[in-house]
Each structure stands twice: as C-alpha cells, then as structure tokens.
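In what follows, chains carry the letters A, B, and so on, assigned in the order in which the sequence lines appear, proteins first and then strands, with residues in each chain numbered from 1.
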Protein chains: 2
Amino acid sequence: MPTGHASANEARWRGAVAVLDRLRREPGSTRAALARDLGLASGTATEITARLRELDLVTETAAAASGRGRPTSVLGPHPAGPLVLVAEIRHEDWRVGVAGLDGRVAVLDADRHAHRPAAVLRAVAAVADGAVDRWGRRVRAVSVVVAATVRDGRLVQASTLGWGPVDLTALAPPRGLPLLVGNDATLAGVAEARSGAAAGAGTALHLTVEVGIGGTLVVDGRPVAGATGAGGEFGHLPFGDPALRCPCGARGCWDLEVDGRAVARHLGEPPPEDPRSHLRAALARPGARDAVERITRALGTGTAGLVNALDPEVVTLGGLAGPLRRHARAAFDAAFADGLMAFRRAAPPAVRDAVHGDDGALHGAAAVGLDEVISERGLAAWAADRAG
Amino acid sequence: MPTGHASANEARWRGAVAVLDRLRREPGSTRAALARDLGLASGTATEITARLRELDLVTETAAAASGRGRPTSVLGPHPAGPLVLVAEIRHEDWRVGVAGLDGRVAVLDADRHAHRPAAVLRAVAAVADGAVDRWGRRVRAVSVVVAATVRDGRLVQASTLGWGPVDLTALAPPRGLPLLVGNDATLAGVAEARSGAAAGAGTALHLTVEVGIGGTLVVDGRPVAGATGAGGEFGHLPFGDPALRCPCGARGCWDLEVDGRAVARHLGEPPPEDPRSHLRAALARPGARDAVERITRALGTGTAGLVNALDPEVVTLGGLAGPLRRHARAAFDAAFADGLMAFRRAAPPAVRDAVHGDDGALHGAAAVGLDEVISERGLAAWAADRAG
DNA sequence: CTCTCTATGCTCGCGAGGCGAGTTTATTCG
DNA sequence: CGAATAAACTCGCCTCGCGAGCATAGAGAG
C-alpha cells in the first residue's frame, strides 16, 4: 500500500523533487532534455526551474551550442545550495566530507585512529561541528557510515573495529540535524545500484568480503534495511559448517567459509590476527591456491543461493570479493552455476565487480543523505528555513 | 530515489488515494476519524468524499450515534464500484473470485482439476470471462496466484502442480485488463503483512511449508519480488546437505531438509509421492517423532539465518510450518535461538502462526490487485472510463 | 418540550501548481 | 540578411487543498 498522506504543503514540491531527482541521476542535463523526459509542459519547466533558482537549489549555465534553434541551458547544483555531511568510520581510519546536490563528495578531513570509540567520535564530531559553523543552515543532514552492524542508529556489533555497542547519536551536531547511520556494505551497495556497476537495475544484490561477508539488497535505489536497519547481514546465513561457532553467536555462518579465517583453517594455520590482510596476502601465495579456490567456491555457492532467494537483476562484488573471483574464476563460475535453480541458468543475473572501490560507502552515505534533502519534506523545510 | 514524475492528471488523485487506502486498512472508518487521521481540513474531507461518491467509489451511511455533536457517517465500498478478479490455482483445485474495494473476496466458482494446464486455464478463463460479461468495466484487474515459481508473469517451475513452463497471459480477458501473477507463498505473506499476523509491521518475513519452503519478505505491504518476480524462493538457499541434489537443479537446498521428503529420508523410507500429506501424516505418527523434531530444527535454524540476514520485525508461519513448530516447540525454539546472532537474542522478532489459513494467497492476490485500482493511475483511469 | 451544547459537515474565497496555446527569443543555415 | 528552428516565456485556465465562518443534527439539561 502506498505510504499515506502528505500535506499539501509538502505535495507542492512534487515537481521540484522530480526535477532534482532526475538531475542527480543524470548530471549535466539540459533543461530541454529534462522537460522532455519528465513530460513537463514548457511553461511548467520554466516555472519549476525559476523556483529552484530562486531557492539557490540550481544554477543554469549556457549549454554548448548543439545545432539550430534557441540554445538551452545546463542545470547544475547551486554553489549556495544545501549540503550533506558524510562521515565514514573504518577499521583503521575515518573521513569526513561534504556533498552537494550532485552527490559529489569533497573530503574535509581524515585521520587514522587507535580503535578507541570515544576518541574517534570526538574527532569526527569536531570536523562536523566545524562544517556546521562554516556552512550553517546549508548543512541539512549528517550521514554516517560505519564498518559495523547498525541497529536503530546504534552500533551493535563491530568485530572489524573491535568495538562494543556504541551510540552514535553524539554525532548529530547541534540544531537537530537529521542523523542517518548505515553499514558500510549496505551503503556501498547503494552506491553501486545508483551510479555504479548495478546502475539502472531495479533489484541489485551487493556482496562484499572484508572480514566476513556483508552486503545488501537494493530495490529501486533503496536498501532493504529491515526493521531495525540491520538487514543485509548475509554473512550470517548458515551456509557453512554447522559445527563451527561464529563470533556473532550463531553457527555455520557463511562468514566463516569465505574470509581470511577460512583460508587459515584450510591451511591448518591458527586464526589470523587480521583476516582481511591475511586473505589479501593469500591471493598472492602460491601455497594458498587450493584454499583460495575453496573459499571462492563457497562464495559462488552462497551467491547462487542468494540469487535463488532474492532474484536480483545484477550482483555486484565489493571489497575482496572481486579479486577472489578473479583469482579463481573457474571455481567461482562453476559453483555459482551449480548453485542456481535450473530455470535461472539460461539467463542468470550478471555478476560484476563493484566500481566505486574504496569510496563506495561514502558515496552511498551521500546518496541516502541527499534523499532526505531532495524530498518533498526536505525541500519544504529548506524553503521555510530561508523564508523565516 | 523516489519513483519519478506523475503527471498532474494523476497527481490530482492523491487525496482520493489516501482516503481509499486508509479505508482499506481500517474498514468501517467514520468520515470524521478519517479526516482527523489524515490531517485533512474538514472542507477537504467534504470535497474528497463527494468526489468519491460521485464516482461510485464509496457510499456513506449513517453511523451509530456516539454521543454529542453532529453524527458522522461511515464510509464503505460502493455497490457499483470497481472490482478485481482473483484466481487461485493450487495443487488439486482452482478458485475464481471477485473482490471489492474493501478487499473482501466472494468466490464465484471452484473446482478440482486433473493437472492439465490447458484445461485448468480454460476453466478459469471461462469464469473470468463470465465475470467480465456480467460486470463489464467494473472489473479493473485480474490477479492470479499459482502454487509455482512465477517469473515475468510466466510459470517457470511448478513441482507442486507437476507442470512445465506455462504462459498465463491467456488469462488476461479481453479489453486489456492488467494481469498480475504471483506465487502463493508470496501473496499469502502479503495478506499476513496487511491484515494478518504481521499487520502493522514494516518488514515482515513469511515462511510456509508445503512441498518445500516458500515465502516472501514484505516491506511496507509490498513483497520484495526481485527482478523477475521470482523472489522469495528461500527454500533454495543452501542451508542443507550439499550432497543432496534438489529437483530445482541446485544442491543442498533447505527445501530438502524440512518437508515430507526429509521425514521419509530420516526414517529410511522411499521418497513419498505427495510430500505434503506425508508430512501431515507424520505429525500424527509416534514413530516419526524424531524425524519431525529434526526437520523442525532445520526450520528453526534456517528461520534464524533469514532473520539475521533480513531483519524482519515479525515472522509469520504458514502452511504446515505452524503445525510443525507446535509439534516440536522446544526443538524449534532452541534451534531458532541458537541460530540468531547474539545481539538479536535480547529482542528477537516475534514468530507467529499465520492467521489467513487457506485463504491467505487469495486475499493477498486481491490486495495487490486493489493496489492497482487504488492508485493515482488506477483512479484516473476509472474516472476517465466513466466520463468517456 | 425546548434550549443549549458540541462535534461535525458545508460554503466559499484564496493561493498554488501544472497545463497548453500563443508569443517571443536566440541561434544556425542558406 | 532573412528563413527556419528549437527552445523559453506569458498568461488565462483548471483543479486541488486550505481554513474561516456558517449551518446542522443529534445529546443532555432544565
């Protein structure tokens, strides 16, 4: 069922949202193309763009001449337009950046950290506060991405970071800005689905291997986040050996079959300190070839299972999943095909390497932050803000 | 990202959609309650209801007096309002019914069948054609539910029915009515999420055991159907023994661990002709107790894995899954808890028996059919139809 | 039985967005 | 330099939603 009723105060921004959304999807669009694609009457296009210009949301600059007829203009983000603060907290470092309406992220500051939550949050909050001081009300939302399981804006399990539960609401700077918190794999998946290897796909599955397996299903550009935001923990599906207990508390987790811990186990070595670099190293170790092949098969089989269950149009592989598949392509392909339901084999979904690389999560964070800004509610608030 | 632009011609039905949607969610609402809940000005409520009455979409009848003040009226579906044809094709029988705006289904005809696709389709189509002859343009959509894997409106795998690929588009009666085709487990899940054991949950997981396991994830009342509509085939996740080949073509499928085939295997018996009734019988067989417990554990473990991965607010159990859990409650609960990630154990999602019973799929089919009718596009078409 | 009270419905003028026909404008091509 | 062309602008019109003020149907009180 549709989502309910929006007041007329918000509904009046429908046209503006449509235009800004399209602008985000296809940056550098001309106004003429835009009106054509959205089916707007030319008068309507004039009105909407005028309104958006008035509100410092877009600029119009002369387009390169393209033939006969009156030249059109190119729409772009306004230099005084709304901004989204994005922050990323990873295994060993953090970054804070700022994104404009086009989704481009400019990094403001970054540093390594020593795994102490309070100190990291302080450092990140300081940069965020500085940004709010500098840009004031132009900052409309804060979007934080962490390498951890996130639930209701709280970090509940961060094996990678080695953190316990941490409340991130301290990152919401003054002035009651909306705070969005997301998992790194989830937001990297969003980035791939919107402007990466799964662009254009209605349903996309993203899988990433770092320590264990993370991922997300993205439907129409939005992650299927579950009731508490902790969806996408595909690594804790029991695809593996039921005798193995996972640090997450469950058993037989897929996680344990695919990362550096699995390689070490298959080689009869003790569990590695840092499973991620252990796996990366294993890709170059001739002696680890069989072990790498074995975990690649586990990756392929599980991926096929998820394709059976979720029916994505495209699967994107992030982190070390891409390199893994590349190093043992035949093993992956065979396991993948073998794990598919027969009727899917004729036209299985494409499995592609992610293209956003290390910036995927940050780009995804910017994207979901902008969703907030470029929405009927968000634009109504922006307009009210500068009127009052 | 929002779904794009709707023309003004469609946008003008926003208010009407909001009202009809609420009416569907809370049948028997008074007009006053409706205006309050949707935040409509009293004048707006007057206008919208007048418009809806004008179009034969709702009726207003005097409400039971409830105290002081001017009495309000109760809104209900109009007796000359739009209808959705629903058809269900099951293992051994079929049903065709018709639903009004309140989602209530009246069965028009039903019969057993002999597993011959062409004959079944002919019979169903005949009833549907009769309905269209009788109600004409009042019939706005045809929603078909089949006990089979459905892909792009085509039936691609029907182990239950014993059918090969079948194209169901023959069921779209004349006049180009929209045809919706869905899987039975998927639509039963929709019914539970909208008006059943998962009512009110934003993210609900439905699992059902018949022959194998079917199900669906339902987000905001809509099934996560995947790229081709074949999502929700959770039974073909490799939770089981990788040595076992599944009729679907994959191996290690969860399917094989939970239904009548699994019981027979555990008892050292040959595979049953009809796994569904074999399982039902096993529930009453003292000698099958261990086997039933074993498959119930497999159900619990897999359910926990899906909870880890998808993070539903509620899990609903349909078909024989409910009875299975009831017969071996301790086994289910232990396996479920053991399979959860530790941080989920404090507040795991409720696991409830489905309440729609055998009618779930049919109710779900009516619901998704009505989504089509009660939409800006659908209402615009309805209005245009009676104007022209 | 009538008066008062109250929650609700109705009327109507207003403002806003989108539409489309007709007009104007900036370019390129001949 | 003028014709052709594609795009932008103007303006009257439509419909929706809003909200203030008015009308109304019952319940309770006397």
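Ion pairing between a basic and an acidic side chain is recognised when a charged N comes within 4.0 Å of a carboxylate O; B:Arg222 and B:Asp371 show no such pairing. One finds no salt bridge joining B:Glu372 and B:Arg140 here, because no Lys/Arg side-chain nitrogen approaches an Asp/Glu carboxylate oxygen to under 4.0 Å.
Spacing between atom CZ of A:Arg12 and atom P of C:dC14 amounts to 18 Å, rounded to whole angstrom units. Per the geometry, CZ belonging to B:Arg31 stands 13 Å off C1' belonging to C:dA7, to the nearest Å. Atom pair A:Arg68:CZ and D:dA8:P shows a separation of 18 Å (rounding to whole Å applied). Going from atom CD1 of B:Ile48 over to atom C1' of C:dC10 covers 15 Å, rounded to whole Å. Look at CG on A:Leu75: it is 13 Å from C1' on D:dA8, rounded to the nearest Å. Rounded to an integer number of Å, the gap from CD of B:Glu60 to P of C:dT8 is 14 Å. Whole-Å rounding puts the A:Glu47 CD to C:dG20 P distance at 13 Å. Between A:Leu40 atom CG and D:dC9 atom P the separation is 14 Å, expressed in whole Å.
Contact between the side-chain N/O atoms of A:Thr72 and the OP1/OP2 oxygens of D:dA8 is found at a separation under 4.0 Å. A sub-4.0 Å separation between OP1 or OP2 of D:dG17 and a side-chain N or O of B:Arg14 is absent. Between B:Arg51 and D:dG17 there is a side-chain N or O to OP1 or OP2 distance below 4.0 Å. Residue B:Ser42 places none of its side-chain N or O atoms closer than 4.0 Å to OP1 or OP2 of C:dG9.
Listed nucleotides: C:dT8, D:dC18, D:dG26. Nearest to the side chain of B:Arg70: C:dT8.
For A:Arg53, the CZ atom sits in a packed shell: over 12 heavy atoms of surrounding residues, nucleotides or ligands are nearer than 6.0 Å.
Within the 4.0 angstrom heavy-atom criterion, only backbone atoms of the sugar-phosphate kind lie near B:Gly67; the bases stay farther away. Residue B:Thr46 is classed as a base contact, given a heavy-atom separation below 4.0 Å to a base. Among the protein residues, B:Ala32 comes within range of the sugar-phosphate backbone only, with heavy atoms under 4.0 Å from sugar or phosphate atoms but none that close to a base.
Checking A:Pro71 against A:Thr44, the closest nucleotide of DNA chain D that is more toward the 5' end is the one next to A:Pro71.
When each of A:Leu52, A:Thr61, A:Thr49 is checked for a side chain to side chain contact (heavy atoms under 4.5 Å, CB included) with A:Leu75, only A:Thr49 meets the rule.
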